[in-house]
Amino acid sequence: MLEDLQRVLISEKRIARRTRELGREITGFYHNQDVTVIPIINGALLFAADLIRRIELPIRMDCIRVASYREDTRPAERPDMIYSVEMEIENQHVLLIDDILDTGRTLFTITRIFQHMNPKSLHTCVLLDKKDRREIPFEADFVGFDIPDRFVVGYGLDFAGRYRNLPCIGTLKPELQNPPEWT
Ligand code: IMP
Ligand code: MG
């Protein structure tokens with residue numbers, strides 16, 4: 001699988017180091033308060049699993065599922081939340097976790113839905129941020145790494161459902177992408 005990568009952008013070691021730092025930042029930010037962590041699966045699964053073990057706070061966790069990518073590298077126009085939370089959100093500190101902030105559509109849409117559930121506070125944490133790709137103004141409160149406008153896979157991020165289990169993050173060889181012009 002590693003041989004399908006054109007380049008490793010972020011090594012497993014750097015991911016681990018930055019995840020520890022983010023855990024400390026988040027721990028300090030909430031000062032012993034209870035936090036409800038909401039990972040957006042599938043992409044945020046690996047990141048969230050590692051991150052929550054670095055957060056020294058009483059947390060609850062509930063996953064949501066959003067359909068935003070189809071079988072290729074182009075984003076859907078409007079993401080849908082197809083599996084929502086079961087936990088009570090009202091009056092809770094909520095931290096949404098996603099793998100990558102790209103056009104901004106997913107987190108823009110999802111944060112609006114969560115605002116309607118009246119949380120005590122609502123913040124967002126993403127592992128990766130592709131600022132150059134933003135179509136809707138949106139900034140995450142906690143960001144692991146800023147990355148250039150390239151389609152990446154690994155550590156939870158997929159291409160057509162594959163490569164999520166790569167321990168690092170990298171770009172795919174162009175001949176393995178579809179459509180080939182969108183790299
Ligand atoms: P946005 O709604 O455009 O901000 O995109 C967010 C979602 O698109 C992420 O949660 C990912 O699932 C997916 N996505 C965006 N860029 C990439 C990428 O480079 N590789 C894999 N998935 C991506
Ligand atoms: Mg995703």
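All ligand and atom numbering here is 1-based and tracks the order in the structure. All values below come from the heavy atoms of this structure, side chains included, with hydrogens, waters and symmetry mates left out. All of these numbers come straight from a predicted model, not from anything done at the bench.
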Would D99 and Y155 count as having a side-chain donor-acceptor pair, cut-off 3.5 Å? no
Less than 3.5 Å apart, any donor N or O on the side chain of R60 or T36 sitting next to an acceptor on the other?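 Looking only at side-chain atoms, T36 and R60 do form a donor-acceptor pair, the distance falling under 3.5 Å.
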Heavy-atom contact under 4.0 Å between [X] and ligand 1?
| X | answer |
| --- | --- |
| P79 | no |
| I100 | yes |
| R150 | yes |

If I apply the N/O under 3.5 Å rule, does G104 come out as touching ligand 1?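 Yes, G104 has an N/O under 3.5 Å of an N/O on ligand 1.
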Taken in chain and number order and not counting sequence neighbours, the residues that satisfy side chain to side chain donor-acceptor pair (under 3.5 Å) with Q6 are R150
Tell me, please, which residues at least two apart from E21 pass side chain to side chain donor-acceptor pair (under 3.5 Å). R18
Give me the ring orientation class for Y30 and F142: parallel if the planes are under 30° apart, tilted from 30 to 60°, perpendicular past 60°.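 The rings of Y30 and F142 sit tilted, inter-plane angle from 30° to 60°.
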Which bit of [X] is near ligand 1, meaning a heavy atom under 4.0 Å away: side chain, backbone, both or neither?
| X | answer |
| --- | --- |
| D98 | side chain |
| D158 | backbone |
| L157 | side chain |
| K130 | side chain |

Any atoms of ligand 1 less than 4.0 Å from a non-hydrogen atom of D99? List them with their elements. 9 (C), 10 (O), 11 (C), 12 (O)
Answer yes or no: are there more than 12 heavy-atom neighbours, outside Q33 itself, under 6.0 Å from its atom CD? yes
Is E90 salt-bridged to K120, going by a charged N under 4.0 Å from an acidic O? no
